[in-house]
2 protein chains.
Amino acid sequence: MPRSITKEALLDAAEAIVLESGAAHLTLDAVAERSRISKGGLIYNFPTKEALLVAMIGRLIENLENRRERIRRELAPQNPSELMIEIKVLSSLVETDARRSAAILAVIANRPDLMEPFRETLCDRFTKRILSEGHPERSTILFFAAFGLHFAEMLSLPFLDPERRKKVYADLLSLARADNDLGSPAHEADLQGGQT
Amino acid sequence: MPRSITKEALLDAAEAIVLESGAAHLTLDAVAERSRISKGGLIYNFPTKEALLVAMIGRLIENLENRRERIRRELAPQNPSELMIEIKVLSSLVETDARRSAAILAVIANRPDLMEPFRETLCDRFTKRILSEGHPERSTILFFAAFGLHFAEMLSLPFLDPERRKKVYADLLSLARADNDLGSPAHEADLQGGQT
DNA sequence: TTTATTGTACCGACCGGTCGGTATTATACC
DNA sequence: GGTATAATACCGACCGGTCGGTACAATAAA
């Protein structure tokens, strides 16, 4: 049990507040009231607001990594590129989950410095894994398209209706798959076994 | 003279605070202190915090639209698509300008509702103009790639070093140009004259 | 009893905003 | 010209209220 029920409820409440009212309204009292847990209970579980913010990013990263591993297993038979996995991860975040990521905005707003670990995780994955695969120019474009799409959703910018968005993610994935199949038909073993 | 020197100084200070310390630290006292204008002076120019936030988005939109018009004039000989213009606009925001856009985060954090006009502007431009041009699937991918790249820069996610980023923007632009040249070689007049 | 957890009253710092006042300049009247 | 009037731009002390955080008594679990 990595986190208690109480902690989860508090984090849920915090996310909900950010979504509904903006990061500026994320106050300890508001979190306590919304979760129907007393302020004392909140402070017991998260001694400072910083601890709460850290836990919020933590849960977000955890959620993303769980998805990624699940999708990695699901796609394994196709011998997928890291880019394909990443696109699948982002597209798997339906509206609700995508908007939950907006909790990051609360962290950026309150304590930009706490973003550092997340920044590193994200960028490392990109540079070390995706860029090192075949055809970095195309991969970069596909990655940023998926990333941009995700951010648009996160800020609920209604560029695209759900069906169209799904279609775009599908397009991105099939383009990535095409690159992957085309780029390295001979050394499948490298991608599978390589663990850098 | 659309805005006074004082107002500009106050908006500069507000942007700087958001960049350095996060939206939560954007307080009236902080803006006054940083701009070395008294709190009274600040309130004289922006009667409420909301007015300050509105002016912040206003200046951002203004800046973007000025760039767009300038770039539209510059590219006019090439008979550019809206997508090309949009990519050029985003790529013209060098690091400093891109990070200044992060002032939007302050608005989202403090008063998400004030984003509405900006949201509409952005999405209208996309759906009405870019999507209506030839080959919407490719345009969508190119647009979101540019958008994602911009957002990454805004949040100073160091995915790419400056040279690489420039290269990606150049790639996006040449792809957009290829689509544009290929898509409508016969009816240039339509794109030029059509004013919907 | 000990320990873990919760509820609540409270504190001082800080927040957005008000208000009485000042400095400067332009205009009006004599 | 000299002086009263007024508009503009700005100043900074202050107010009511909110914030993150503390103190501590009450309760539950062992």
Side-chain angles (χ1 to χ4, degrees), chain A residues 1-18 20-58 103 105-115, chain B residues 1-59 103 105-115:
Chain A
M1 212 183 292
R3 247 191 294 267
S4 71
I5 304 274
T6 310
K7 278 191 169 71
E8 294 293 333
L10 288 166
L11 292 174
D12 287 343
E15 273 178 6
I17 290 167
V18 174
E20 285 173 20
S21 324
H25 295 90
L26 180 69
T27 67
L28 297 184
D29 290 281
V31 172
E33 186 185 344
R34 170 139 204 150
S35 63
R36 286 189 296 184
I37 289 165
S38 71
K39 194 171 175 182
L42 164 59
I43 291 296
Y44 176 77
N45 285 282
F46 301 109
T48 62
K49 188 174 185 180
E50 170 174 341
L52 177 67
L53 293 170
V54 168
M56 287 173 79
I57 325 183
L105 297 177
V107 178
I108 298 178
N110 282 279
R111 290 285 307 273
D113 52 305
L114 297 180
M115 273 290 289
Chain B
M1 213 181 295
R3 246 190 297 266
S4 72
I5 303 276
T6 309
K7 278 192 169 69
E8 293 294 333
L10 288 166
L11 292 175
D12 286 343
E15 274 179 5
I17 290 167
V18 174
L19 279 182
E20 285 173 20
S21 323
H25 295 90
L26 180 68
T27 66
L28 297 184
D29 289 285
V31 172
E33 186 184 345
R34 168 135 204 155
S35 63
R36 287 190 296 185
I37 290 165
S38 71
K39 193 168 177 183
L42 163 60
I43 290 298
Y44 176 78
N45 284 282
F46 300 109
T48 63
K49 190 175 183 180
E50 170 174 341
L52 177 67
L53 292 169
V54 168
M56 286 173 79
I57 327 182
R59 195 168 74 159
L105 297 178
V107 178
I108 298 177
N110 283 279
R111 290 286 306 273
D113 53 304
L114 297 180
M115 274 289 291

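Note on naming: letters A, B, ... go to the chains in the order of the sequence lines (proteins, then strands), and numbering restarts at 1 for each one.
One atom, NZ of B:Lys7, and another, P of D:dT8, lie 12 Å apart when rounded to the nearest Å. The separation between B:Leu10 atom CG and D:dC11 atom C1' is 13 Å, rounded to whole Å. Between the CD atom of B:Glu33 and the P atom of C:dG16 there is a distance of 13 Å, rounded to whole Å.
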With the sugar-phosphate defined as primed atoms, P, OP1 and OP2, and the base as all remaining atoms, what B/S/- string results for nucleotides 17-24 of chain D, 5' to 3', for protein heavy atoms under 4.0 Å? --SBBB--
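Ranking C:dG7, D:dC11, D:dC10 by closeness to the B:Ile37 side chain, first place goes to D:dC11.
In terms of phosphate contacts, B:Tyr44 brings no side-chain nitrogen or oxygen within less than 4.0 Å of OP1 or OP2 of D:dC10. Within the 4.0 Å cut-off from OP1 or OP2 of C:dT6, not a single side-chain nitrogen or oxygen of A:Ser38 is found. Between D:dA9 and B:Asn45, no contact under 4.0 Å exists linking OP1 or OP2 to a side-chain N or O.
Side-chain contact between A:Leu52 and A:Leu28: present, with at least one pair of heavy atoms (C-beta onward) separated by less than 4.5 Å. Here the side chains of A:Val18 and A:Met56 are in contact, with some heavy-atom distance below 4.5 Å. At a threshold of 4.5 Å between non-hydrogen side-chain atoms, the residues A:Phe46 and A:Leu11 count as touching.
Salt bridge present: A:Arg34 and A:Glu20 bring a charged side-chain N and a carboxylate O closer than 4.0 Å. Of the charged side-chain nitrogens involved, none lies within less than 4.0 Å of a carboxylate oxygen, so that A:Lys7 and A:Asp12 do not count as a salt-bridged pair.
Partners of A:Glu33 by side chain to side chain donor-acceptor pair (under 3.5 Å), not counting sequence neighbours: none found.
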